[in-house]
Amino acid sequence: MPFQRLLQALVDATPGARGAIFCDQQGEHVELALAREAPGGVAPLTPFDMKICGAHLAAPLVALFEAPGKPGETLQMRWLCEGGTLLCHLLPGRYYVALLVTKGGRNARAAHLLGECARLVALAI
């Protein structure tokens, strides 16, 4: 499955997106995509930056995966900070897709597009 194409399409379609990453259960990146141009005058991300971002999500996500809940329940999380928003969509098998959006980005639209991308990725894993 062309994960990189799915992630690049997500980044390209999301206003203010800086990058997206698909990670396994240990936080290792499977694939990533970066904005072709840095949005809003922020510094462009490197692949290493995006890999670090994805890896840092692993610890809190393990706690969520191990928390009691309905089997198969889809979880989407959002971290807000001064510089922007990090959206994360949990997938089967403890995989996840994350999207980094600049401050002022359209978070509702970003969450919707991330959900669509995650659905396509989940079909392929």
Side-chain angles (χ1 to χ4, degrees):
M1 184 68 178
F3 296 119
Q4 203 284 328
R5 285 193 325 204
L6 290 171
L7 294 173
Q8 193 64 57
L10 170 63
V11 171
D12 292 346
T14 305
R18 297 186 69 196
I21 191 162
F22 170 37
C23 294
D24 69 12
Q25 52 274 46
Q26 282 91 28
E28 293 289 329
H29 98 285
V30 175
E31 193 57 78
L32 62 86
L34 300 173
R36 298 175 200 275
E37 294 182 24
V42 298
L45 293 176
T46 67
F48 181 76
D49 294 331
M50 205 65 225
K51 289 176 187 176
I52 293 297
C53 183
H56 275 68
L57 293 172
L61 293 178
V62 165
L64 283 174
F65 280 122
E66 293 175 356
K70 298 176 186 173
E73 183 176 351
T74 300
L75 296 173
Q76 193 174 77
M77 301 179 328
R78 179 172 38 179
W79 286 273
L80 303 171
C81 65
E82 186 176 314
T85 303
L86 179 62
L87 298 147
C88 184
H89 195 100
L90 307 178
L91 303 169
R94 298 186 177 194
Y95 288 88
Y96 53 95
V97 178
L99 175 66
L100 185 59
V101 182
T102 61
K103 184 176 183 176
R106 296 175 52 202
N107 290 340
R109 175 87 174 135
H112 172 74
L113 293 170
L114 176 61
E116 288 299 309
C117 179
R119 183 182 62 77
L120 294 172
V121 170
L123 290 172
I125 57 174

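Residues C23 and G54 approach most closely at SG-CA, 3.9 Å, considering heavy atoms. L6 approaches C117 most closely through the heavy-atom pair O-SG, 3.9 Å. Of all the heavy atoms in A20 and L10, the pair that sits closest is CB-CD2, 4.0 Å. Across all non-hydrogen atoms, the minimal contact from L86 to C53 is CD1-SG, 3.8 Å. Closest non-hydrogen pair, A13 versus P15, comes out as O-CD, 3.4 Å.
Residues forming a side-chain hydrogen bond (donor to acceptor under 3.5 Å, both in side chains) with R78 (at least two apart in sequence, or on another chain): none. Annotation: side chain to side chain contact (heavy atoms under 4.5 Å, CB included) contacts of A122 (sequence neighbours excluded): L91, P92. Under the side chain to side chain contact (heavy atoms under 4.5 Å, CB included) criterion, P47 pairs with L32, L34, sequence neighbours left out. Residues satisfying the side-chain hydrogen bond (donor to acceptor under 3.5 Å, both in side chains) criterion with Q8, sequence neighbours excluded, are Q4, D12. Legend: residues meeting side chain to side chain contact (heavy atoms under 4.5 Å, CB included) with A9, ordered by chain and number and at least two apart, are absent. Remark: A110 engages T14, L87, L99, V101 in a side chain to side chain contact (heavy atoms under 4.5 Å, CB included) (not counting sequence neighbours).
Side-chain heavy-atom separations under 4.5 angstrom define the hydrophobic clusters, and the remaining members of the one that includes I52 are F48.
Both L45 and W79 are assigned to one and the same hydrophobic cluster, defined by single-linkage of ILVMFWY side chains at heavy-atom distances under 4.5 Å. A single hydrophobic cluster is seen to contain both L120 and I125, as judged by linkage of ILVMFWY side chains at heavy-atom distances under 4.5 Å, directly or through other members.
Sorted by first and then second residue, the side chain to side chain donor-acceptor pair (under 3.5 Å) pairs involving residues 112-124 (not counting sequence neighbours) are E116-R119. Residue pairs meeting the side chain to side chain donor-acceptor pair (under 3.5 Å) criterion with at least one partner in residues 18-35, sequence neighbours excluded, do not occur; the list is empty. Under the salt bridge (Lys or Arg N to Asp or Glu O under 4.0 Å) criterion, no residue pair touches residues 42-56, with sequence neighbours excluded.
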